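Remarks on the structure that follows.
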Amino acid sequence: MSDLRVVGSVKIWLIGRLRGGKPVIYFLPPAQTTLPVGITLTLVPEWLFSVVYPTAPIKTQLLPGGRRGESVHRDVEARPDGVLLDVKSQAEVSYLTNPVISPSPPTSPPASPYVTSVVINPIEPFDPSTSQLDFIGSVLLPVAEAPAYLDRALKPLDPHVEARPSSITYWLPSLLKHECVGLRFVQHQGYERAAILEVTLVPGVVERLFMLFRGIPRGEALSPRWDVARDQAKADVKFWRGVVGLSEAGVLMRDGSMFRVLEWGGMEVV
C-alpha cells in the first residue's frame, strides 16, 4: 500500500459495480401474424448500457425531473415463430439483449427496517445503484434447491417455454458459487421507473420480471433473522404474482390471440 502513498491506520472500502445481467425482451405476436414494432428502452442515470444486441446507437434522453439517461431504439419485425428481424442490421434473433451496469458504486447503502413478513408496497422504490438484498421480502434457499425453485416460481409469472430455462441456466454459474442464496423479484412498477419501455404498437400485455439475488454465507443463513425468508421459500410460489404486481399477466401471456411483450433480467447484489 506504500506504493499508493497510503500510510498509517486507514479503512479501505472495496465496492463492486452492480451489473444487470441478461435483461432480454421477447415479442410474441398473435398467431400467424407478423408485426412491425418500434421499441425504445430508456435508463435512469444510475444505469448504463454495457452492450446491446442487435447493435443500435445509444443516445441520451431527457427524463422527468430534468435528468438524462441512456436510451436505445430499435425497429423489428416480430414473427409468429418467435423470431425477431432487426430492420437495420437484418439480424434474426429470438430476443433483444440489453445488459446494463451501474456507472458508479453507491457511497453507502440505504438502511432497511426490520420486518417479519414479506412486504408488498404500492410502488416499491428501485434504485439499481443501491439495490440490496436481505431477509426482508426475500426467500432463502440452499443453492442446490434454487434452480428448481426458480422454475416453480416463474411458471405462474412466465409461461414462455424458452425464456424460463434460458434465464435459469444463464444465472446458474453465479448461483452455484454460493452455499445459500437469497432472492426476490422486483415490483413491476418500480422496475419500470428504472428502465422505461416504450413500444410503438401497444401490446395486449407487458410482463417485466427482474430478479435480485445474493449469496448468503452459511453462518448468516443460520441467523434467526432469516427464519421468515426460509419459511417463505416453502410457501406457495404464487405469492410472487402479488409481489411483482402481475397477478393476471401470467394468464394473459398464454393468450395466443394477443400481442405480448416479455422482459426478463436480474442482478447479483455484491
Side-chain angles (χ1 to χ4, degrees), residues 17-29 34-61 69-103 126 128-129 131 150 154 157-175 185-186 188 191-201 203 205-213 244 249 253 259-270:
R17 171 174 282 187
L18 300 177
R19 181 181 298 269
K22 205 190 180 185
V24 297
I25 302 175
Y26 296 83
F27 293 90
L28 308 173
T34 297
L35 297 178
V37 182
I39 176 174
T40 302
L41 183 62
T42 304
L43 305 176
V44 292
E46 289 79 12
W47 260 351
L48 300 175
F49 290 109
S50 59
V51 66
V52 297
Y53 187 78
T55 57
I58 297 174
K59 301 180 180 180
T60 301
Q61 179 73 30
E70 289 194 340
S71 183
V72 63
H73 176 86
R74 281 167 285 190
D75 292 295
V76 301
E77 288 184 0
R79 299 172 179 171
D81 60 0
V83 173
L84 301 178
L85 172 67
D86 180 63
V87 173
K88 182 178 181 181
S89 67
Q90 294 294 294
E92 293 182 322
V93 295
S94 297
Y95 46 74
L96 304 181
T97 307
N98 310 289
V100 294
I101 59 174
S102 175
F126 176 60
S129 68
S131 294
L150 280 173
L154 287 170
L157 297 169
D158 170 17
H160 194 281
V161 176
E162 193 278 336
R164 190 168 63 248
S166 175
S167 299
I168 294 171
T169 54
Y170 176 85
W171 285 113
L172 199 54
S174 297
L175 291 167
F185 293 97
V186 175
H188 174 92
Y191 178 68
E192 173 65 26
R193 292 184 174 187
I196 303 166
L197 182 66
E198 299 172 278
V199 184
T200 55
L201 188 62
V205 58
V206 178
E207 184 167 292
R208 308 184 73 187
L209 302 174
F210 196 84
M211 178 185 72
L212 297 177
F213 73 95
V244 175
M253 287 295 293
F259 173 37
R260 296 146 292 160
V261 176
L262 169 65
E263 181 181 5
W264 163 256
M267 182 167 69
E268 181 175 9
V269 179
V270 293

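FYI, side chains are in, hydrogens and waters are out, and symmetry mates aren't considered; it's all heavy atoms of this structure. Computed from a prediction, not measured in an experiment: that's the story for all the values here.
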Point to revise | For I25, the option from L262, V206, L197 that meets side chain to side chain contact (heavy atoms under 4.5 Å, CB included) | key: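 Among L262, V206, L197, the one meeting side chain to side chain contact (heavy atoms under 4.5 Å, CB included) with I25 is L197.
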Point to revise | Whether F27 and F259 hold their rings parallel, tilted or perpendicular, with breakpoints at 30° and 60° | key: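 Ring orientation, 0 to 90° scale: parallel.
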Once you round to the nearest 0.5 Å, how far does [atom1] of [X] lie from [atom2] of [Y]?
X    : Y    : atom1 : atom2 : result
S167 : L154 : OG    : CG    : 7.0 Å
L209 : Y191 : CG    : OH    : 9.5 Å
R164 : L150 : CZ    : CG    : 11.0 Å
K59  : T40  : NZ    : OG1   : 9.5 Å

Which heavy atom in [X] sits nearest to a heavy atom in [Y], and how many Å separate them?
X    : Y    : answer
W171 : M211 : CD1-CE, 4.0 Å
F126 : S131 : CE1-OG, 3.2 Å
R260 : V205 : CG-CG1, 3.3 Å
V37  : T200 : C-OG1, 3.8 Å

When you measure from the side chain of [X] to the backbone of [Y], do you find a donor-acceptor pair of N or O atoms at a distance under 3.5 Å?
X   : Y   : result
R74 : Y53 : yes
S50 : P99 : yes
H73 : L41 : no

[Y] side chain reached by [X] side chain, heavy atoms, under 4.5 Å:
X    : Y    : result
L84  : E92  : no
P23  : W264 : no
V24  : N98  : no
T42  : E70  : no
V93  : P54  : yes
V261 : L28  : no
L96  : V76  : yes
P173 : L175 : no

Check your understanding: Does the separation of the ring centres of F210 and W47 fall below 6.0 angstrom?
Key ->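 Distance test on ring centres: under 6.0 Å, yes.
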Practice item. Verify whether one side chain among E263 and Y95 offers a donor that lies under 3.5 Å from an acceptor in the other. Key: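 Note: E263 and Y95 side chains miss the donor-acceptor criterion.
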Practice item. State whether R208 and E192 are salt-bridged, where the test is any N-O pair (Lys NZ or Arg NE/NH1/NH2 against Asp/Glu carboxylate O) under 4.0 Å. Key: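 Counted as a salt bridge, because a side-chain N and a carboxylate O are separated by less than 4.0 Å.
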Review point. Going through the distances and angles, do L35 and E77 end up as a side chain to side chain contact (heavy atoms under 4.5 Å, CB included)?
Key: CA-CA 6 Å; L35 297 178; E77 288 184 0; over 6 Å; no
